[in-house]
Number of protein chains: 2
Amino acid sequence: MSNAKVLPLLEPDVVAACCPPLNERPMSADEAEVAAKMFKALGDPVRLRLFSAVASHEGGEACVCDISDVGVSQPTVSHHLKKLKEAGLLSSERRGTWVYYRVEPSVLAAMGALLAGAAKTA
Amino acid sequence: MSNAKVLPLLEPDVVAACCPPLNERPMSADEAEVAAKMFKALGDPVRLRLFSAVASHEGGEACVCDISDVGVSQPTVSHHLKKLKEAGLLSSERRGTWVYYRVEPSVLAAMGALLAGAAKTA
DNA sequence: CGTCTATGTTGACACACATCAAAACAAGAG
DNA sequence: CTCTTGTTTTGATGTGTGTCAACATAGACG
């Protein structure tokens with residue numbers, strides 16, 4: 001498909017602007033590509049568990065060492081965290097020895113609104 | 001691996017029961033696998049557009065002929081609609097010559113609640 | 001019955017992706 | 001400086017998946 005796309009990261013602004021309610025009108029190809037990238041990021045069991053582990057930590061913050069019990073090797077965990085970060089769902093911050101990951105509330109709110117709107121289909 | 005999983009379809013009951021709020025506690029492997037299947041179904045731009053086209057139709061119902069303008073061949077459209085049906089997001093019904101697809105509100109509500117809960121992370 | 005339109009299925013292929021082993025990088029401790 | 005621990009990157013591999021062409025099925029209409 002010649003995906004010469006330039007958008008490597010999804011920023012909160014882009015995400016918040018990309019999401020018309022799912023049942024308002026048919027999504028355009030561009031909107032769908034942005035939104036699908038977020039859904040795809042959560043479409044893997046390991047990533048979903050990692051994300052849930054971060055979100056359920058106090059303050060929505062957790063270091064990698066706390067959430068590595070998902071049944072895969074540590075490099076794989078790092079790989080998935082990178083994917084989640086690229087999708088704009090997580091943000092990382094190095095604090096001394098450990099790296100802490102944190103959820104991005106605005107992105108989740110946008111996705112939730114997108115689905116909640118569709119659920120209200122008459 | 002050895003995904004000898006028996007769950008071919010996602011029923012509304014399963015979906016509604018599978019979804020603890022994303023930030024309540026870390027998801028179990030089983031919960032994540034069910035929820036990830038739904039997210040993965042929406043993780044493709046074509047599927048997301050097809051779903052949006054169905055959801056935005058009156059009554060959340062549309063025949064295939066109305067939503068085939070997504071830039072791919074008709075067999076591909078049929079393939080994606082089948083995937084969405086397997087994920088429990090759509091249901092199909094043959095009415096004479098045309099086949100009508102309809103959204104499954106309960107599944108969407110579950111997904112929306114899952115994300116909306118996570119968005120309220122303190 | 002025969003044909004035509006509308007959908008779904010099968011087979012095949014290319015690309016993407018999840019996974020791990022091994023190496024590399026970062027930061028603190030001795 | 002060296003060693004140890006935590007994290008990421010690289011390389012390779014097997015599996016999954018999106019796509020289409022070709023064929024098959026279902027109903028309508030003459």
Side-chain angles (χ1 to χ4, degrees), chain A residues 1-5 7-9 29 32-33 36-51 53-54 61-87 89-102, chain B residues 1-5 7-9 29 32-33 36-51 53-54 61-87 89-102:
Chain A
M1 280 287 176
S2 73
N3 276 328
K5 290 293 176 181
L7 63 154
L9 287 236
E33 201 146 349
K37 201 163 291 195
M38 302 189 300
F39 283 114
K40 182 186 276 186
L42 292 179
D44 185 90
V46 175
R47 279 199 291 270
L48 201 52
R49 277 216 280 171
L50 288 172
F51 185 82
V54 174
E61 202 175 62
C63 93
V64 181
C65 57
D66 288 331
I67 58 178
S68 297
D69 289 339
V70 287
V72 296
S73 64
Q74 279 190 355
T76 303
V77 170
S78 192
H79 171 72
H80 284 306
L81 288 172
K82 187 180 173 185
K83 282 283 185 69
L84 286 169
K85 201 166 69 174
E86 286 175 0
L89 295 166
L90 291 179
S91 60
S92 68
E93 178 193 358
R94 174 155 228 141
R95 201 177 305 159
T97 306
W98 291 278
V99 177
Y100 289 83
Y101 281 82
R102 195 173 32 166
Chain B
M1 309 337 172
S2 71
N3 276 329
K5 289 294 177 182
L7 62 155
L9 288 235
E33 202 147 346
K37 201 163 289 195
M38 302 189 300
F39 284 115
K40 182 185 278 186
L42 292 179
D44 184 89
V46 174
R47 278 198 293 269
L48 201 50
R49 276 216 280 171
L50 288 172
F51 184 83
V54 174
E61 201 175 63
C63 93
V64 181
C65 56
D66 289 329
I67 58 178
S68 297
D69 289 339
V70 288
V72 294
S73 66
Q74 280 190 356
T76 303
V77 169
S78 193
H79 171 72
H80 284 306
L81 287 173
K82 185 180 173 186
K83 282 283 186 70
L84 286 169
K85 201 166 70 171
E86 286 175 0
L89 295 165
L90 291 179
S91 60
S92 67
E93 178 192 358
R94 175 155 228 141
R95 201 177 306 158
T97 306
W98 292 277
V99 177
Y100 289 82
Y101 281 82
R102 195 174 32 166

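First the proteins, then the strands, lettered A, B, ... as listed; each starts at 1. Keep in mind that this is a model prediction, so the values were computed, not measured.
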Any side-chain N or O of [X] less than 4.0 Å from the OP1 or OP2 oxygen of [N]?
{"X": "A/Thr97", "N": "C/dA27", "result": "no"}
{"X": "A/Ser73", "N": "C/dT19", "result": "no"}
{"X": "B/Lys40", "N": "D/dT17", "result": "yes"}
{"X": "A/His80", "N": "C/dT19", "result": "yes"}
{"X": "B/Ser78", "N": "C/dG8", "result": "yes"}
{"X": "A/Tyr101", "N": "D/dT8", "result": "yes"}

Taking the side chain as every heavy atom from C-beta outward, state whether [X] and [Y] have any pair of such atoms under 4.5 Å apart.
{"X": "A/Tyr101", "Y": "A/Ser91", "value": "no"}
{"X": "B/Asp44", "Y": "B/His80", "value": "yes"}
{"X": "B/Gln74", "Y": "B/His79", "value": "no"}

Given [options], which nucleotide is nearest the side-chain atoms of [X]?
{"X": "B/Cys65", "options": "C/dT7, D/dA28, D/dG18", "answer": "C/dT7"}
{"X": "B/Trp98", "options": "D/dG18, C/dA18, C/dA6", "answer": "C/dA6"}
{"X": "B/Arg94", "options": "D/dT17, D/dT8, C/dT7", "answer": "C/dT7"}
{"X": "A/Lys83", "options": "D/dT7, C/dA18, C/dT9", "answer": "C/dA18"}
{"X": "B/Val72", "options": "C/dC20, D/dT19, C/dG8", "answer": "D/dT19"}

[X] [atom1] - [N] [atom2] separation (whole Å):
{"X": "A/Glu86", "N": "D/dT8", "atom1": "CD", "atom2": "C1'", "result": "13 Å"}
{"X": "A/Phe39", "N": "D/dG18", "atom1": "CZ", "atom2": "C1'", "result": "19 Å"}
{"X": "A/Glu93", "N": "D/dG6", "atom1": "CD", "atom2": "P", "result": "19 Å"}
{"X": "A/Leu50", "N": "C/dA18", "atom1": "CG", "atom2": "P", "result": "12 Å"}
{"X": "B/Tyr100", "N": "C/dA6", "atom1": "OH", "atom2": "P", "result": "12 Å"}

Considering every strand and a 4.0 Å limit on heavy-atom distances, what is the contact class for B/Val77: base, sugar-phosphate, or nothing? nothing

For A/Leu81 and A/Val99: C-alpha separation, side-chain torsions, deciding distance, then whether side-chain contact (heavy atoms from CB on, under 4.5 Å) applies. CA-CA 11 Å; A/Leu81 288 172; A/Val99 177; over 6 Å; no

With DNA chain C as reference, determine whether A/Arg95 or A/Arg47 sits nearer its 5' end, using the nearest nucleotide of each. A/Arg47

Nearest-nucleotide 5' precedence on DNA chain D, B/His79 against B/Pro75: B/His79

From B/Leu48 CG over to A/Met38 CE, what is the distance, rounded to the nearest 0.5 angstrom? 8.5 Å

